[in-house]
Every structure is written in structure tokens, then in C-alpha cells.
Undergrad: 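I have a structure I would like to understand better, so I am pasting it below and will then ask my questions one at a time.
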Amino acid sequence: MSYVLFGAFPYVAVVLLLLISIQRYRVNQFTISSLSSQFLESEKLFWGSVPFHLGILVLFFGHLIGFLIPREVQLFASSPLRLLVLELTGFVAALLFAVGLVLLIHRRLTSKRLREVTTFSDYLVYGLLLFQAATGLYIALFLRWGTAWYVQVAVPYLHSLFLFQPDVARISSVPVMVQAHILGAFTLFAVFSFTRLMHVLVVPIPYLWRRTQLVIWNRDRHAVRKVEG
Amino acid sequence: MDVRAQVSMVFHLDKCIGCHTCSIACKNVWTDRKGAEYMWWNNVETKPGTGYPTAWEDQEQYAGGFVKKNGSVTLRGSGRYLGLANIFHNPKLPVIDDYYEPWTYRYEDLFSSPASDDQPTARAVSMITGEPMEIEAGPNWDDDLGGSPVYAAHDPNLGALTPEQRAQLFEVERLVFFYLPRICNHCSNPACVAACPSGALYKRGEDGVVVLNQSRCRAWRHCVSACPYKKSYFNWASGKSEKCILCYPRLETGQAPACFHSCVGRIRYLGMVLYDADRIASTAALPEEKLVEGQRQLILDPFDPEVIREARRSGIHDSVIDAAQASPVFKFVKRWGIALPLHIEFRTLPMLFYVPPLLPILGNGKGEVYEATSEQVFGSVDAARLPVEYLARLFAAGNVGKVRFALRKLMAVRYFRRQQTVGDVSGEMVDGLLSEVECTREEAEAIYRLTSLPTFDERFVIPPSHREEAIEALTDPLEFKGSSGIGFRRKPERV
């Protein structure tokens, strides 16, 4: 069982994420949208969306850094003070994320207008993210230290996945909450490209260096003249 | 010089009767869909009034358009850093209630309700939630000054008037208003394009129409807040923005856009203008009082041999240059100087121009009596019931001189015609009036003809789109043989 969950399912999830995202981007770009609902309700969105997104950004990059340079993170966290700083940053981010998420869910459920633009996939995403927030906060609070769990157990396991030699044994002996958090993450990966989460992949960073005004010719204006001339 | 062609427009406000036929034509063709019910790509609002969406001109509230900063222009409420920083929640985005909640009626109830002493009613139901609703706002809610203490009194442009002038505007027997039809201005320096983080909005090179690629729109919503005219709309159902496309499928087949074609008052003119794209940035950054003149300089004279040469070098087809020479817009805007841009202080360089309204002709005379004697048939421009300062705030960034010139020229043309048809004014007087506004009798005649008697083809001068040549110039035309007509976005599959 654990081999299916921790040895096979991660690959299914990542393959789904990659293939479906690419397929959707190439064939049906029209369906990719952040599906903002601010136009129907703006005030409550502020208190939900901003902490939610800021929190998840910190959490995402925190996890990414731990994944990329686990040894350095472990060294950094070797002093109790620095470990505390890391843990606190993560915890505050997780709180922001969780509070924002709860506010967003509450906003969705209490507004008639918003329910008109809410689909099953939105509820699915909310549920999965809520699950991640709950398990993550539980680990941070009761299974100290989360940083240590991550770099010493989860990251080596993730690395083993990358090397196509999944170290299932390592992960099947950890507390069930940590397992749940990891499984939840892969479930998110699996549904990612079927839901509005796709908007994460089209975050408009190129806007920072693109030219301000866009003018597009439907034909090569210089070539048109040359032939005539 | 980088010459570009632009489909440009003139609305002659003296001729607008406020019938909303244009709005209906547009609604039926483009926005009668789920999520678009509240949109009016073309709307006609009463001025003074707060317009649609409510108080759209108030950029303190919506932060649309550009502001001048260090000699160039920068978006007021969006842009690279501010836009991305506000991507999770756009504080300047109007919400649906700033427009109105669309509704329909339960007409079935009229037929299906059981017999009773009272007549059945068709209740209003929201087109978003389907629930019964109280209607609190709707399209043209303040039409013809309806509810003026609530709406017209909050017109941001009234700030240009003294308290006395403002009080006079709303005296019961002197109420004055006019109609302002609005569509997308297809600006030369569009704020929506500059503000779109995903680059979904762009200006078409061939004709300057500003369009939105819905496949690239990701609902970051900055086009809506950045457009100072609020002419980019968010479809709440599809999660994509939409805007006026100037009926380009019609333009490309030589037809006038639906709102133009259907205009009952024939107030609308459409034609090509040539302009110098190299000078857009510097023109947008001019001091406010020079903006109107600066934009006129940006528009090039299509008869100037150098302009023609440069236009050809930039790949503009001869037929487009011909169309620019015959363009009614060029005449109204540049040659005659009587058409002015709407709120050019937003610095987007709008390419839709308005001939300011002269009506109501009777001026605000001494005391309670309006001037209506034969010597002062049309009253004087400065004593007009609608103060020039108000029009200047709308059409010339507060530059009263530009509006006064346009109004006096329109007035001179009327006297010129009155001399010919009624004959109770002297030729010297007419010549005097005309020379004050640098107008010849030939020009006055031309203004009269294009205002009052234009044919369909004089109002809308649309060059052919030359699809055939476009293909020929780039590739072997035989490659495209047999591919014209209806195409498929995705080929049907045979299983």
C-alpha cells in the first residue's frame, strides 16, 4: 500500500501535472484564467486573497529552498535561534495562508453571487488546500521541528523520487501527519492542471521587462511594400 | 517618422438625439451573452451626469489613465510594479454594483399564476443569481437628468464651474443637458494595453483598433481599472475581459461598425488618419494646456508629399492613403479644428473626437429673459447656458480657448447659412465672424455640407483590407487557394 502511495502515486501526479498543463496551454489556452471573482465581491476578497497568496508564496519558496539546498538549510538551522527564526517565519506564513483560506471559503459560501461562479473544482481545491494548511500547522506545532522533518526525512525521500529509486521505507516510518501532508501535496499536483490552479504557471513575470505598448501587425508591413515597389 | 494608419472617429454632439439606437445595435451584436449582460461597449450618457459606470471620470477613485512623471508618462494605478503588487486584489477595480446588477423579469408568472383578484406581476430577477431583486440602478439610470440631485450634481466636471454657474445649471426652467455617446477610443497610447500584465491586449498595426486576445487573458483585471474611460469590461462568467472591437469583422469587409451604421442622428463619422508613432510618447507627456494641440500635430497631413513618402515606406497601402485624404475625421479634427478629444488629460491620446454641442442655442441673457432677438439669434458662446468651462473640462483638459474656437466656428457657419437661407444678416457681419475663426466661405460651406448633408460614403470612408494582396506579397497565393471562407479553429477529426 505504501509503495503505491509513496512510490507510484507521486509519479502519476507529476506526469499528470506536466502533460495536462502543456496540453492545456497548447490546445485550449482560453480555459486558463485566474477566474478572479473580485468583480462580484471586492472587500472580503482583500482580507482573504492577500494573506492567502503572501502566505503561500513564502511557504512555496521555503519548501523549494529546502528541497534544493537541504544541507545548507540544515547547517543554518543548527543554532537554536536561527531554527526558531525559520520555524516562526514558516508558522506565520502558514497562519496567514490558513486564515486567508478560511476567509476565502467563508466568502464563497456566504455570497449568492459567488456561488454562481463556483464549480466543483473550486471546492476541491479549497478542500485540498485546507487539508495542507491543517496538516502543515499540526506538524509545526506538535511534531517539532518541521524544518528538521523536512530536510532530514522528506527531502531525501523527494530526492530519491527524482533518482527513480523511491525510498518508500524512509517515509513509511514517519508520523502519519507528515505522510498525510506529503500525500496531500501530491494530490494537489495531480489535480493542478485540471483546476484554476493553472494560473500559477502563467503568472505574468515577463510583464516586468516587456515593452509598454504592444502593436501587432497581421501582415509583414515591410514585405508588403517591397514586392509592390 | 514612423507613419501609422488609424481608424479614427468623430461624434457630432449637436446631432445626437439620445435615442440609444447605437447602444442597442451593439448590445444585440456583441454583448447579449451570459456575463456580458451589464456591458455596454457603446453607451450614451446624459451630461451633466455621473455616467456609466458611476463617476467613471473620477480618477481619484478609479486611478485610470496616465500621469506625468519626470518628463514621461506612467500609469496612475497600474503598471509593472504597482500592477504586479496589486495582482491578488486590485484596489481600484470597479465592482458590478458600480455599473448595475443586470436583471430580467419572470414573464412566465403572468401566464402561469392562478386566477385571483389581483393582477399578476412579473417580478424582477437578477441575471446573476436568478433571485428576485430590488432594482437600484440600471443602464442610463440618470438619462435626461433623471434624479439629477443624486447623479448630475456629482458630475466630476462640475468642478470647473463657479457655485453660481452650478446653481444656474440646475434651475428648473433653465435645465440644460446634452448626450455623450461613448465607445472605446482606440487610443494611440492605450492604458489598457500598457496595464495588461499578460500582454493580451494589443493595438492592431494596420488600423489601430485596440483588441483583446481572450486566449491570453488571465483575469488579472488591470485593463478594467487602467482604462480611464472604463471601456474594458470584465466578464464575470467567463473570467475574461472584453472590450469594443470597433466591429473589425465589419470594417474588414468595408462596412461601418454597427453603432455607426445604425446611428439615427447620423452624428458619427469614421475614417483613416495617419499619425507619427515616433512622437506618441512625447505628445502624451505634454503640459495639459498643450495636449489638444499636440495631438493635432501628431496627426499628419495625408496630402503632404513627405508624409505620403514616409507612409509608403512604412508599408501603408496607397488605398489607405487615399482614404486618409478623403477622411471626414481629418477634416473635423485637423483642418477645421472643431472636433476635440474627450478627457485628453488622461493622456491616452484617444482617437475618438467630439464636435462640442452648441445647443441649446439660447444664451443666458440678462435677468430672467433669454436673448432671442434677431440681432443675437444664436446668443453668444460665452453666455451659453452650458458654460464653456464645463465643455472645456470634458473636451480640452480645461483649455477654454480650444472649445471657444470650435463653438464660435460652428456659430459662424450658422450665420453664414442664415445669410444664404433667411437673408436677415449682412454679408459683412458673416465675413467678420468667419475671419475671427480663420474660416473662409468655402470652408464654411464644406463644414455645413459634411455636417448636414453627408452621404453614407462621406461619413464612413473605409479602405479595403486587401487580403488578397497581403497574401500575395508574403507567400505563394496558390498555397491559400481553396482556403478562404469559413475556417476551423480546430480541425474536425474523423474517427
Side-chain angles (χ1 to χ4, degrees), chain A residues 25 27-54 57 100 111-117 196 198-199 201-229, chain B residues 4 75 79-81 83-84 87-91 93-96 101 126 128-131 189-190 193-194 196-199 201-206 208 214-221 224 234-240 277 280 312-318 466 469-474 490:
Chain A
Y25 190 84
V27 177
N28 209 352
Q29 259 208 59
F30 178 75
T31 62
I32 305 174
S33 165
S34 62
L35 291 178
S36 165
S37 59
Q38 192 189 348
F39 187 68
L40 295 178
E41 199 292 318
S42 183
E43 269 165 43
K44 286 184 187 164
L45 179 75
F46 175 80
W47 297 105
S49 172
V50 175
F52 167 82
H53 280 100
L54 291 182
L57 277 177
S111 162
K112 270 238 61 131
R113 284 180 184 175
L114 289 182
R115 258 181 282 156
E116 292 298 318
V117 291
R196 63 196 296 201
M198 264 296 272
H199 78 275
L201 295 182
V202 291
V203 165
I205 301 300
Y207 185 46
L208 287 173
W209 54 82
R210 122 173 167 218
R211 62 189 197 278
T212 314
Q213 294 291 356
L214 292 182
V215 178
I216 296 179
W217 266 264
N218 285 318
R219 51 186 84 141
D220 184 335
R221 59 173 176 156
H222 296 292
V224 170
R225 266 295 158 189
K226 263 177 223 144
V227 175
E228 282 185 6
Chain B
R4 274 193 215 149
L75 287 165
R80 292 201 163 88
Y81 308 112
L84 289 187
I87 205 160
F88 306 134
H89 179 271
N90 181 351
L93 184 80
V95 294
I96 186 132
E101 182 167 354
S126 163
I128 301 178
T129 63
E131 304 268 298
N189 188 33
V193 175
C196 176
S198 36
L201 282 139
Y202 63 95
K203 198 167 173 63
R204 304 209 310 174
E206 290 81 5
Q214 294 221 332
S215 287
R216 296 205 58 183
C217 173
R218 309 281 180 240
W220 307 123
R221 320 174 292 291
V224 181
F234 187 72
N235 182 318
W236 54 266
S238 71
K240 303 273 172 173
I280 293 174
R312 285 187 175 145
R313 213 171 56 84
S314 305
I316 293 174
H317 198 275
D318 282 345
H466 293 297
E469 286 182 30
I471 291 172
E472 213 170 80
L474 296 173
R490 285 158 77 182

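So you know, we letter chains A, B, ... as the sequences are listed, proteins then strands, and number each from 1.
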Undergrad: Search all heavy atoms of B/N235 against all heavy atoms of B/S238 and return the closest pair with its distance.
TA: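 Minimum heavy-atom separation between B/N235 and B/S238: OD1-N, 2.9 Å.
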
Undergrad: When you measure from the side chain of A/R196 to the backbone of A/M198, do you find a donor-acceptor pair of N or O atoms at a distance under 3.5 Å?
TA: no

Undergrad: With a 4.5 angstrom heavy-atom cut-off, which part of A/L114 approaches chain B: side chain, backbone, both or neither?
TA: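 Contact with chain B is absent: no heavy atom of A/L114 under 4.5 Å.
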
Undergrad: If you tally heavy-atom pairs under 4.5 Å against chain B, which of A/K112, A/R113, A/E116 wins?
TA: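 The answer is A/R113.
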
Undergrad: Let's go through B/D318 and B/R312 carefully: what are the C-alpha distance in whole Å and the side-chain angles of both, what is the deciding distance for side-chain contact (heavy atoms from CB on, under 4.5 Å) to 0.1 Å, and is it a yes or a no?
TA: CA-CA 7 Å; B/D318 282 345; B/R312 285 187 175 145; 2.9 Å; yes

Undergrad: Given a strict heavy-atom distance threshold of 4.5 Å, which part of B/I280 is in contact with chain A: side chain, backbone, both, or neither?
TA: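 For B/I280, neither part sits under 4.5 Å from chain A.
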
Undergrad: Using a cut-off of under 4.5 Å for heavy-atom pairs, which of A/L45, A/I32, A/N28, A/L35 has the most such pairs with chain B?
TA: A/I32

Undergrad: Looking at B/G239 and B/A219, what are the two nearest heavy atoms and their distance?
TA: O-CB, 3.3 Å

Undergrad: Under a 4.5 Å heavy-atom cut-off, does chain B meet the side chain of A/V117, its backbone, both or neither?
TA: side chain

Undergrad: Please determine, among B/I96, B/L84, B/I128, the option with the most heavy-atom pairs under 4.5 Å with chain A.
TA: B/I96

Undergrad: Counting heavy-atom pairs under 4.5 Å with chain B, which one of A/E41, A/H199, A/R210 comes out on top?
TA: A/R210

Undergrad: Look at A/V203, A/I205, A/V202 and state which one has the largest set of heavy-atom pairs under 4.5 Å with chain B.
TA: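 If we count pairs closer than 4.5 Å to chain B, A/V202 comes out on top.
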
Undergrad: Does any non-hydrogen side-chain atom of A/Q213 lie less than 4.5 Å from one of B/P190?
TA: yes

Undergrad: Mind checking whether B/F88 and A/H53 have parallel, tilted or perpendicular rings, split at 30° and 60°?
TA: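 Taking A/H53 first and then B/F88, their aromatic rings lie parallel (interplane angle under 30°).
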
Undergrad: Under a 3.5 Å distance rule, please check whether A/S34 uses its side chain to pair with a backbone N or O of B/R218 as donor and acceptor.
TA: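 Side chain of A/S34 to backbone of B/R218, a donor-acceptor pair under 3.5 Å: yes, one is there.
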
Undergrad: Can you say whether B/R221 sits under 4.5 Å from chain A via the side chain, the backbone, both, or neither, judging by heavy atoms?
TA: side chain

